[in-house]
Number of protein chains: 2
Amino acid sequence: MDASTGRDRDFTVVGRALAAPARSAMVGLLMDGTARPAGELARAAGVGAPAASEHLAVLAAAGLVTGRARGRHRYYALAGPEVADALEALGALAVPVPAVGFRRTREADRLAAARFCYDHLAGRLGVGLAEAWVTAGWLADPEDLALTGAGADGLRGLGVDVDGAVAARRPTTRACLDWTERRVHLAGSLGAAVGARFLAAGWVARSSGRGLRLTASGRDLVRDTWGVEPVGGTGIGGTGAPTVVSAASGRA
Amino acid sequence: MDASTGRDRDFTVVGRALAAPARSAMVGLLMDGTARPAGELARAAGVGAPAASEHLAVLAAAGLVTGRARGRHRYYALAGPEVADALEALGALAVPVPAVGFRRTREADRLAAARFCYDHLAGRLGVGLAEAWVTAGWLADPEDLALTGAGADGLRGLGVDVDGAVAARRPTTRACLDWTERRVHLAGSLGAAVGARFLAAGWVARSSGRGLRLTASGRDLVRDTWGVEPVGGTGIGGTGAPTVVSAASGRA
DNA sequence: ACGACGGTTCGGCGCGCACCGAAACGTCCC
DNA sequence: GGGACGTTTCGGTGCGCGCCGAACCGTCGT
């Protein structure tokens with residue numbers, strides 16, 4: 001309250017909300033888009049139930065999460081896709097963490113290869129698919145990755161509930177910036193539908209938390225159909241390997 | 001330090017950094033990409049010099065700002081474009097502020113119309129130009145808004161230092177998500193060059209802080225050349241008015 | 001009806017942070 | 001060189017936040 005001329009956007013509320021390690025951990029757990037009961041979040045954050053309850057109240061007040069009572073549990077989830085997007089962008093800043101040590105690097109590598117971002121595919125798999133579908137003419141490449149007619153047919157052929165996605169109130173397609181690849185992947189209701197289909201068809205399987213493991217059938221599918229190979233070999237060195245085999249640059 | 005399986009990205013550091021109102025105000029001031037001495041930031045944030053110095057040390061430790069001593073002053077600026085991007089994305093979350101009151105709404109409206117985002121044009125002007133240049137074939141529309149040959153010629157014709165921009169170490173073009181329009185505008189070294197040119201040519205003028213005022217010559221230029229009219233009438237209602245007159249949707 | 005269980009609210013405790021005043025350091029000006 | 005000024009460092013103080021234990025409310029099971 002005060003200060004100079006034009007008051008800008010105030011980062012205080014969301015900053016305070018993310019400041020506490022326990023809250024940061026909770027939000028990190030919810031980044032996969034799932035809704036989890038307060039007790040589980042408390043256990044994961046390493047705090048007692050009362051502290052967790054207050055933390056969740058703070059997060060809710062900041063507009064980052066919402067809670068819905070179901071039965072005698074209370075399920076908390078991220079308030080919306082835009083929250084996941086902003087957090088994803090924030091994550092791109094925090095990389096300087098050295099991240100040495102076996103478990104951490106293995107885990108970080110798995111997340112970089114394929115993971116769920118709120119409710120859609122991300123990581124090298126996500127950006128690879130998005131780029132391949134753009135070059136294939138399934139997605140128009142303006143900033144929102146709009147779905148083309150060919151794309152609707154193609155995705156329907158994969159078993160994706162395209163019609164349900166376009167009927168949803170959310171934007172059908174949106175571009176979400178990836179914090180590992182620094183390139184966009186497909187979000188929005190269609191992104192969610194694609195993610196759900198990949199999971200239901202057994203092309204990907206949840207590993208730890210938001211991490212995803214590409215199954216054998218999924219690996220074959222994405223490699224043979226679109227030339228995407230997100231499991232870039234050793235993984236040492238991280239972001240290096242190119243995602244798509246076929247050329248994606250040049251004229252659109 | 002602990003907790004469950006795969007430790008995710010940690011929002012704690014940047015969260016803590018943005019938590020204090022004084023630090024948030026300082027960062028807000030630096031969002032225009034300028035470098036300012038510590039004393040000015042202290043005055044703007046309403047704290048004493050010692051507190052400001054410590055705040056800036058915290059921000060520097062979090063990797064958000066960098067300080068360079070020049071003479072007996074010490075100039076602080078955002079650490080890089082990616083910081084500005086992430087903060088811009090964060091700003092999109094904080095909108096729920098009612099923002100009634102004359103001065104605030106007028107100022108917010110000016111910022112929504114045209115402003116500097118770190119070092120490039122943003123607001124309706126920024127996204128309008130980006131979209132117009134995509135439809136004109138100056139920019140390829142993949143997520144990075146890559147510069148085409150025609151775009152290089154066209155921008156050179158406007159007096160933009162295109163060659164200096166491509167020679168810079170930064171990425172030449174990047175897409176930056178706008179928090180008022182929720183659409184992308186042109187960032188990267190080319191975005192900076194465009195912004196500098198617009199300022200030098202007198203097409204825009206700095207109003208308060210990062211706000212920009214479109215001059216008469218600039219208004220004529222963008223309207224007659226690309227059909228962009230960022231000064232959307234009353235401004236009441238904010239985001240409503242379409243930015244570009246010519247159709248931007250449809251097939252790419 | 002009762003007890004078990006998950007969640008929230010209420011006091012209270014302790015650490016940590018934000019702020020300032022005083023002093024030290026470095027640079028510019030005369 | 002001396003003095004002024006901008007900035008940082010150093011102690012020290014006070015408020016606020018994060019945590020817990022205990023108590024209170026609700027739902028589920030029987």
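Every chain is numbered from 1 and lettered A, B, ... according to where its sequence line falls, protein lines coming before strand lines.
Evaluation of the side-chain contact (heavy atoms from CB on, under 4.5 Å) rule for B:Ala205 yields B:Arg213, B:Thr215 as partners, not counting sequence neighbours. Residues passing the side chain to side chain donor-acceptor pair (under 3.5 Å) test with B:Asp119 are B:Arg170, sequence neighbours excluded. Applying the side chain to side chain donor-acceptor pair (under 3.5 Å) criterion to A:Glu54, with sequence neighbours excluded, gives no partner residue. Applying the side-chain contact (heavy atoms from CB on, under 4.5 Å) criterion to A:Ala35, with sequence neighbours excluded, gives A:Tyr75, A:Ala77. With sequence neighbours excluded, the residues that form a ring-ring contact (aromatic ring centres under 6.0 Å, His included) with B:His120 are B:His185. Applying the side chain to side chain donor-acceptor pair (under 3.5 Å) test to A:Thr66 and every residue at least two apart in sequence or in another chain returns nothing. With sequence neighbours excluded, the residues forming a side chain to side chain donor-acceptor pair (under 3.5 Å) with B:Thr34 are B:Asp32, B:Arg36, listed by chain and number.
Side-chain contact between B:Leu90 and A:Leu90 is present, with heavy atoms from C-beta onward closer than 4.5 Å. Residues B:Leu129 and B:Leu186 have side chains not in contact (no heavy-atom distance under 4.5 Å, counting atoms from C-beta outward).
Projected onto DNA chain D by closest heavy-atom contact, A:Arg70 and A:Arg23 fall at different nucleotides, the more 5' of which corresponds to A:Arg23.
Counting any heavy atom pair closer than 4.0 Å across all strands shown, A:Arg16 reaches sugar-phosphate atoms only and no base atom.
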For residues 193-204 of chain A, tabulate all N or O donor-acceptor pairs below 3.5 Å that involve a side-chain atom, not counting sequence neighbours.
residue, atom, partner, partner atom, Å
A:Arg197, NE, A:Leu158, O, 2.7
A:Arg197, NH2, A:Leu158, O, 3.3

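The bend of the helix from C:dA1-D:dT30 to C:dC30-D:dG1, defined by the angle between the axes of its first five and last five pairs, stands at 30° to the nearest 10°.
Distance A:Arg68 CZ to C:dG7 C1': 17 Å, rounded to the nearest Å.
Note that the first and last nucleotides of DNA chain D, 5' to 3', having any atom under 4.0 angstrom from a heavy atom of chain B are D:dA4 to D:dC10.
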Protein-nucleotides 8-15 of chain C N/O pairs under 3.5 Å:
residue, atom, partner, partner atom, Å
C:dT8, OP1, A:Tyr76, OH, 2.6
C:dT8, OP2, A:Ser53, OG, 3.0
C:dT8, O5', A:Ser53, OG, 3.1

